[in-house]
Amino acid sequence: HDALTGLLNRGSFDDDITQLCSNTKSNTSLYLTFVDIDNFKQFNDDFGHQKGDQVLKIVAKMLNNKCDQLNIAYRFGGEEFCIISQNCPEKTCIDFIESLRVAIERLSVKDSKTGANLRKISASFGVARHQLHDSPADLIEKADQALY
């Protein structure tokens, strides 16, 4: 687990994506979604690294609360998270990811003394579907490209 956010860490992601890519059959769906917090450097620059850490924790908590056994959240690194979704139709996966995007947009960082909102949080998403014979690196590259 990632020490800051409590989500599964990059090592767990690497193990899981390798296993899932090698075991996915043509009739099984597997999606990888990258989640990148928008303007994260600005949080650190404007409010300090402790507020940046708070942003990471807030987003991670929301992801953890919304994910389940078929949608697993990981901290990929820095301000990037990823979600592995399996055994669901494409529309179900896209609807779930859209619900995460909307939920993140409802989050904000507050001033601990006044309770005032300092800034809203938003994130960019890139979703890719695993194709038969895709390696983990192929799937990661596709999701990374979809992010941009």
Side-chain angles (χ1 to χ4, degrees), residues 1-21 24 28-131 134 136-148:
H1 287 87
D2 177 65
L4 180 65
T5 65
L7 291 179
L8 292 170
N9 63 21
R10 176 66 187 269
S12 293
F13 168 79
D14 290 342
D15 291 345
D16 290 352
I17 199 73
T18 298
Q19 179 183 4
L20 289 168
C21 282
T24 299
T28 306
S29 61
L30 176 65
Y31 298 90
L32 174 61
T33 303
F34 274 134
V35 180
D36 189 357
I37 298 173
D38 297 331
N39 305 308
F40 181 73
K41 183 180 181 317
Q42 205 65 47
F43 278 101
N44 286 333
D45 291 348
D46 292 348
F47 306 114
H49 285 86
Q50 288 183 337
K51 285 295 180 199
D53 285 353
Q54 185 181 357
V55 169
L56 294 173
K57 289 176 186 177
I58 290 169
V59 171
K61 181 178 180 183
M62 187 279 303
L63 292 174
N64 192 48
N65 287 342
K66 295 219 175 254
C67 285
D68 55 26
Q69 292 177 340
L70 299 179
N71 300 283
I72 302 169
Y74 303 81
R75 182 166 180 208
F76 192 76
E79 74 276 11
E80 286 189 328
F81 300 89
C82 59
I83 299 160
I84 295 175
S85 301
Q86 51 187 324
N87 299 323
C88 63
E90 183 174 352
K91 182 173 179 0
T92 302
C93 177
I94 297 301
D95 289 348
F96 174 71
I97 297 303
E98 176 62 12
S99 76
L100 294 179
R101 187 193 66 74
V102 170
I104 289 174
E105 281 188 346
R106 293 184 179 137
L107 300 174
S108 63
V109 176
K110 298 184 182 214
D111 184 296
S112 56
K113 294 177 184 155
T114 67
N117 285 343
L118 295 174
R119 184 168 295 146
K120 303 277 273 164
I121 300 171
S122 65
S124 299
F125 290 75
V127 182
R129 182 174 183 167
H130 178 265
Q131 300 296 320
D134 276 352
D138 294 334
L139 185 56
I140 290 168
E141 177 66 24
K142 289 193 300 188
D144 196 40
Q145 289 299 313
L147 184 62
Y148 296 99

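S85 places no side-chain N or O within donor-acceptor distance of the main-chain N or O of Y31, the cut-off being under 3.5 Å. Using modelled atom types, no side-chain atom of N71 and backbone atom of I83 make a donor-acceptor pair closer than 3.5 Å. A donor-acceptor contact shorter than 3.5 Å links the side chain of D134 to the backbone of Q131. Within the 3.5 Å criterion, the main-chain N or O of Q42 finds no donor-acceptor partner in the side chain of N39. Remark: the backbone N or O of D14 is paired with a side-chain donor or acceptor of T18 at under 3.5 angstrom.
Put simply, CZ on F43 and CG on D53 are 12.5 Å apart, with the number rounded to the nearest 0.5 Å. Remark: K142 NZ to L139 CG distance equals 6.0 Å, nearest 0.5 Å. In this structure, the separation between CD1 on I58 and CD1 on I37 is 9.5 Å, given to the nearest 0.5 Å. How far CG of D16 is from CG of L8: 7.0 Å, rounded to the nearest 0.5 Å. Taken to the nearest 0.5 Å, the SG atom of C93 stands 10.5 Å off from the CG atom of L70. One finds the NZ atom of K66 at 13.0 Å from the NZ atom of K61 (value rounded to the nearest 0.5 Å).
Checked by atom type, the side-chain pair D15/S12 shows no donor-acceptor distance below 3.5 Å. Between the side chains of Q145 and E141, at least one donor N or O sits under 3.5 Å from an acceptor N or O. A donor and an acceptor atom, one from each side chain of D38 and S124, are located under 3.5 Å apart.
Taking 4.5 Å as the limit, some side-chain heavy atom of L56 sits within range of a side-chain heavy atom of E79. Side-chain contact between I94 and I97 is absent, with no heavy-atom pair separated by less than 4.5 Å. Side-chain contact between L100 and M62 is present, with heavy atoms from C-beta onward closer than 4.5 Å. Side-chain contact between Y148 and D36 is present, with at least one heavy-atom pair separated by less than 4.5 Å. Put simply, the side chain of V109 does not reach to within 4.5 Å of the side chain of R119, judged on heavy atoms. The side-chain heavy atoms of L63 and Y74, taken from C-beta on, include no pair separated by under 4.5 Å. Residues V55 and F47 are not in side-chain contact: their nearest non-hydrogen atoms beyond the backbone lie 4.5 Å or more apart. A 4.5 Å side-chain heavy-atom check between S29 and R129 finds at least one atom pair inside the cut-off.
Residues forming a side-chain contact (heavy atoms from CB on, under 4.5 Å) with E98 (at least two apart in sequence, or on another chain): R101, V102.
Here the shortest heavy-atom pairing between N44 and H49 reads OD1-CA, 3.5 Å. Heavy atoms only, all atoms of each residue included: A143 and L32 are closest at CB-O, 3.7 Å. The nearest pair of heavy atoms linking N117 to S108 is OD1-OG, 3.0 Å. Of all heavy-atom pairs between G115 and K110, the closest is O-CD, 3.7 Å. Closest approach of C67 and F96 over heavy atoms only: SG-CZ, 4.0 Å. Here the closest non-hydrogen pair linking D111 and K113 is OD1-N, 2.7 Å.
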Inset, instruction - Would you check, one step at a time, whether the test side chain to side chain contact (heavy atoms under 4.5 Å, CB included) holds for Q86 with L20? - result: CA-CA 9 Å; Q86 51 187 324; L20 289 168; 3.2 Å; yes
Inset, instruction - Apply the test side chain to side chain contact (heavy atoms under 4.5 Å, CB included) to residues V35 and C82: give CA-CA distance (whole Å), side-chain angles for both, the deciding distance (0.1 Å), then the verdict. - result: CA-CA 6 Å; V35 180; C82 59; over 6 Å; no
Legend entry - Trace of the side-chain hydrogen bond (donor to acceptor under 3.5 Å, both in side chains) decision for T5 with D2: CA-CA 6 Å; T5 65; D2 177 65; 2.7 Å; yes
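Taking the six-membered ring wherever Trp is involved, the centroid distance between the rings of F76 and F34 falls below 6.0 Å.
Remark: K41 NZ is loosely packed, at most 12 non-hydrogen atoms of other residues, nucleotides or ligands lying under 6.0 Å away.
Salt bridge annotation for D46-K51: absent, with no cationic side-chain nitrogen under 4.0 angstrom from a carboxylate oxygen.
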